[in-house]
Amino acid sequence: MSVKVRMAPSPTGFLHIGGVRTFLFNWLFARQQGGECLLRIENTDTSREVAEATQQIQDSLLWVGIDWDGPVTFQLDTADRARELAHELVERGHAYEDDGAIRFRQPKEGTVSWVDAVRGEIEFRNELLPDLVIVRSDGRPTYNFVSPVDDIIDEITHVIRGEDHVSNTPTQINILRALGAELPVYAHVPNINGDDGKKLSKRHGAVGVDEFRNEGYLPAALFNFLALLGWSYDDKTTIMSRHELIERFSLERVVPSPATFDYKKLDWMNGMYLRELQPDEYAHFLCKWLEEQGIDWPKDRVHATAPLVQEKIEKFSQYPDFVRFLFEEVEPPAGLDERVLRAAAERLAQVEPWEATAIEEALRALVDELGEKPRTAFAPIRLAVTGSKVSPGLFESLELLGREQALERLNAAAAAA
RNA sequence: GGCCCAUUCGUCUAGUGGCCUAGGACACCGCCCUCUCACGGCGGCGGCACGGGUUCGAAUCCCGUAUGGGCCUCCA
């Protein structure tokens, strides 16, 4: 039998990064098994539905690189069928009416158990399970009923979901049995926490996919990072392509304990991905990001800066401040070494051609003649030209800035000294 | 409170009874490289929650305790 899984977000808001990780495991498993991965929006509780959410969820998944098979389906679409089945259960004594609602009748003795693909055997005593409402008094079926019903309809073979569903599982199994259906394989993946051990939320940092996008992370890096939260390939492999991840993923290697989201490690990994990009790809992604952020800097100049920053930043949000001096005026501090600045201006006026290598040669010779150390002599020049103590390579920066502006800034800073 | 789950360096993890005086990665610290910042290289710090068993031998198996988390809604 071919594998079929489903990603089942509820449209109550933007897609949470923890949800993305759970969906990623579904997706990886399906793709690896050559199976199908469905997207089902669990909108049974219409009162909590947020209008934009459905579209936003799809955009977010696609951005990260997670797609699905067939059309997007909605839990509400099978409400009629669920209601029918509920009434059948009533007729057969597996459910009963209660104040206009319908409650599922749990078995009164024995246990329900299953072998969870990530946690092993889990067992509950039936007598402790409450008879839950499966159809509300207004006729709308509830999640815990429609979900297993949809799994039957969709012929889901593996239910891979967050560990917060563990305690729903015995009830869903009892419902499936009462309905005479076969059980899927269950795999409950661990939660993702913030650094205080509590559920990941706003106060820990970014949690919505959009926020990661705005910070300038590469989808491929986030994808790789998320895959490693609760899963590993072996004892030393960290960077893996989408293709490798698909090939190597397995539910057996998913750990049962919750993970903490480590933003610093994500930054490092994103830097790795950024550095491995071809220069033109890098520039392309960078331009796209700038456009999304509404930063309107000349494209050709942005392209020219790409090789200067590629080794130096780990996410695009660090880009604007790093190269701002090439696009806007600078305000260097007063009191820089006037002697060095004037000498540099004078020397740079002569440099031919105006290219990084020639500029470097000239400045190094000058530093030597002045009897200065490179590190001390280049500091005021950098400050005068870029307005900052931290910048891309000085010579490349000068080349890009252009002679005219470079001299202007050098002289202005000298005058202020 | 009840039920269920979890517990290896600060963090992500490797580890399925001897290969472990516990391996890798991020972070942190130091050194090297160096025009700043990064990158890269080298080195360092740092962990099996605790207590009992089982066994010739336990991070690995069992029991208990502690801690953390999830669920207990006519939410999903």
Side-chain angles (χ1 to χ4, degrees), chain A residues 8-12 19 41-45 47-49 75 98-103 116 118-120 122-125 127-130 132-147 161-171 188 190-193 195-199 225 228-239 252-253 255-269 271-272 274-275 308-314 318 322 360 363-364 367 373-383 386 388-398:
Chain A
S10 59
T12 50
I41 309 287
E42 310 230 294
N43 60 343
T44 306
D45 186 10
S47 65
R48 293 208 309 161
E49 193 162 344
Q75 200 164 54
D98 176 34
D99 279 331
I102 298 176
R103 281 186 190 277
D116 199 281
V118 335
R119 324 172 91 81
I122 302 178
E123 185 178 75
F124 286 79
R125 285 159 64 198
E127 58 177 309
L128 267 11
L129 303 174
L132 85 159
V133 169
I134 56 176
V135 180
R136 299 177 175 90
S137 49
D138 66 4
R140 291 148 57 224
T142 60
Y143 161 79
N144 262 309
F145 187 57
V146 195
S147 185
R161 57 189 2 175
E163 69 172 318
D164 43 329
H165 285 288
V166 167
S167 44
N168 289 147
T169 306
T171 294
H188 290 94
N191 286 331
I192 298 177
N193 296 329
D195 52 20
D196 55 0
K198 299 270 195 293
K199 196 169 176 299
F225 178 78
L228 256 17
L229 233 40
W231 175 84
S232 65
Y233 174 58
D234 60 15
D235 61 336
K236 49 196 54 157
T237 312
T238 306
I239 303 293
E252 290 68 39
R253 287 192 65 84
V255 299
S257 51
T260 301
F261 198 99
D262 186 350
Y263 291 92
K264 287 219 174 120
K265 188 163 187 172
L266 206 213
D267 285 352
W268 164 80
M269 191 174 283
M272 293 287 286
L274 246 22
R275 271 174 255 122
L308 275 60
V309 300
Q310 188 164 8
E311 288 241 318
K312 297 179 183 288
I313 64 175
E314 43 191 16
Q318 295 165 336
F322 205 63
E360 173 165 11
L363 285 180
R364 284 198 187 280
V367 164
K373 292 263 181 231
R375 94 188 286 115
T376 52
F378 289 147
I381 301 177
R382 163 175 284 106
L383 240 3
T386 72
S388 169
K389 283 193 288 194
V390 177
S391 79
L394 182 57
F395 319 117
E396 293 79 3
S397 294
L398 284 166

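Below, chain A is the first sequence line, B the second, and so on; all start at residue 1.
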How many whole angstroms separate atom [atom1] of [X] from atom [atom2] of [N]?
| X | N | atom1 | atom2 | result |
| --- | --- | --- | --- | --- |
| A/Glu396 | B/rC37 | CD | P | 16 Å |
| A/Ile192 | B/rC5 | CD1 | P | 22 Å |
| A/Arg382 | B/rU34 | CZ | C1' | 11 Å |
| A/Arg253 | B/rU13 | CZ | C1' | 10 Å |
| A/Ile41 | B/rA76 | CD1 | C1' | 13 Å |
| A/Asp235 | B/rA14 | CG | C1' | 5 Å |
| A/Glu42 | B/rA76 | CD | P | 9 Å |
| A/Trp231 | B/rU11 | CH2 | P | 22 Å |

Q: Please indicate whether A/Arg125 has more than 12 foreign heavy atoms, meaning atoms of other residues, nucleotides or ligands, lying under 6.0 Å from its CZ.
A: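 No, CZ of A/Arg125 has 12 or fewer neighbouring heavy atoms, counting only those of other groups under 6.0 Å.
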Among [options], the one nearest [X] by side-chain distance:
| X | options | value |
| --- | --- | --- |
| A/Glu311 | B/rC37, B/rC39, B/rU13 | B/rC39 |
| A/Lys264 | B/rA27, B/rC35, B/rA14 | B/rA27 |
| A/Gln75 | B/rC4, B/rA76, B/rG10 | B/rA76 |
| A/Arg275 | B/rC39, B/rC12, B/rU7 | B/rC39 |
| A/Tyr143 | B/rC12, B/rA76, B/rA27 | B/rA76 |

How far, in whole Å, is [M] from [N] if one measures between their [atom1] atoms?
| N | M | atom1 | result |
| --- | --- | --- | --- |
| B/rG53 | B/rU60 | P | 15 Å |
| B/rC32 | B/rA14 | P | 37 Å |
| B/rC35 | B/rC42 | P | 22 Å |
| B/rA58 | B/rC48 | C1' | 11 Å |
| B/rA66 | B/rC50 | P | 16 Å |
| B/rG46 | B/rC61 | P | 28 Å |
| B/rG10 | B/rU16 | C1' | 27 Å |
| B/rC3 | B/rU8 | C1' | 28 Å |

Side chain to side chain, [X] and [Y], heavy atoms closer than 4.5 Å:
| X | Y | answer |
| --- | --- | --- |
| A/Met269 | A/Thr238 | yes |
| A/Ser397 | A/Leu308 | yes |
| A/Arg253 | A/Ser232 | yes |

Describe the nucleic acid contact of [X] in one word from base, sugar-phosphate, nothing, applying a heavy-atom distance below 4.0 Å.
| X | answer |
| --- | --- |
| A/Phe395 | base |
| A/Arg125 | nothing |
| A/Lys389 | base |
| A/Glu314 | nothing |
| A/Thr44 | sugar-phosphate |
| A/Glu123 | sugar-phosphate |
| A/Leu394 | base |

Pairing check on [N]: which nucleotide meets the Watson-Crick or G-U wobble criteria with it, both distances under 3.5 Å?
| N | answer |
| --- | --- |
| B/rU73 | none |
| B/rC42 | B/rG30 |
| B/rG18 | B/rC56 |
| B/rA66 | B/rU7 |

Q. Do side-chain atoms of A/Asn191 reach the backbone of A/Lys199 as a donor and acceptor pair under 3.5 angstrom?
A.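 Side chain of A/Asn191 to backbone of A/Lys199: no pair is present.
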**Q.** Exam field: side chain A/Thr376 to backbone A/Lys373, donor-acceptor pair closer than 3.5 Å
**A.**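 Answer holds: yes.
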Q.
Taking only side-chain N and O atoms of A/Arg375, does any of them lie within less than 4.0 angstrom of OP1 or OP2 on B/rU34?
A.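 No, outside the criterion.
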Quick test: give all pairs of protein nitrogen or oxygen and nucleotides 67-74 of chain B nitrogen or oxygen below 3.5 Å, distance rounded to 0.1 Å.
residue: B/rG69; atom: OP1; partner: A/Lys198; partner atom: NZ; Å: 2.8
residue: B/rC71; atom: O4'; partner: A/Ser167; partner atom: OG; Å: 3.1
residue: B/rC71; atom: O2'; partner: A/Ser167; partner atom: OG; Å: 3.0
residue: B/rC74; atom: O2; partner: A/Ser137; partner atom: N; Å: 2.9
residue: B/rC74; atom: O2; partner: A/Ser137; partner atom: OG; Å: 3.2
residue: B/rC74; atom: N3; partner: A/Ser137; partner atom: OG; Å: 3.2
residue: B/rC74; atom: N4; partner: A/Asp99; partner atom: O; Å: 3.4

Taking atom types as they are modelled, would you say the side chain of [X] forms a donor-acceptor pair with the base of [N] within the 3.5 Å cutoff?
| X | N | value |
| --- | --- | --- |
| A/Lys312 | B/rC37 | yes |
| A/Arg119 | B/rC5 | no |
| A/Lys236 | B/rA14 | no |

Q) Hey, would you say the A/Tyr263 and A/Phe225 ring centroids sit under 6.0 Å apart? A)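 When the ring centroids of A/Tyr263 and A/Phe225 are compared, they turn out to be at least 6.0 Å apart.
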Q. Of A/Met272 and A/Leu128, whose nearest nucleotide on RNA chain B comes first from the 5' end?
A.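 Final value for this comparison: A/Leu128.
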Q.
Which is more 5' along RNA chain B, the nucleotide nearest A/Ile122 or the one nearest A/Ser391? Just name the residue.
A.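 Its nucleotide being nearer the 5' end, the pick is A/Ile122.
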Q | Distance-only side-chain donor-acceptor flag, A/His165 / A/Ser147, under 3.5 Å | A |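 A/His165 vs A/Ser147: no donor-acceptor pair found between side chains.
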Q.
Whether the A/Thr44 and A/Arg136 side chains hold a donor-acceptor pair (N or O, under 3.5 Å, no angle test) is what I'd like checked.
A.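 Absent: no donor and acceptor within the cut-off.
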Q: Work out which heavy atom in A/Leu229 is nearest to a heavy atom in A/Ala259; give both atom names and the distance.
A: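 Result for this residue pair: CG-CB, 4.1 Å.
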Q.
Can you tell me how far apart CD1 (A/Ile239) and CH2 (A/Trp268) are? Round to the nearest 0.5 Å.
A.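 Result: 4.0 Å between the selected atoms.
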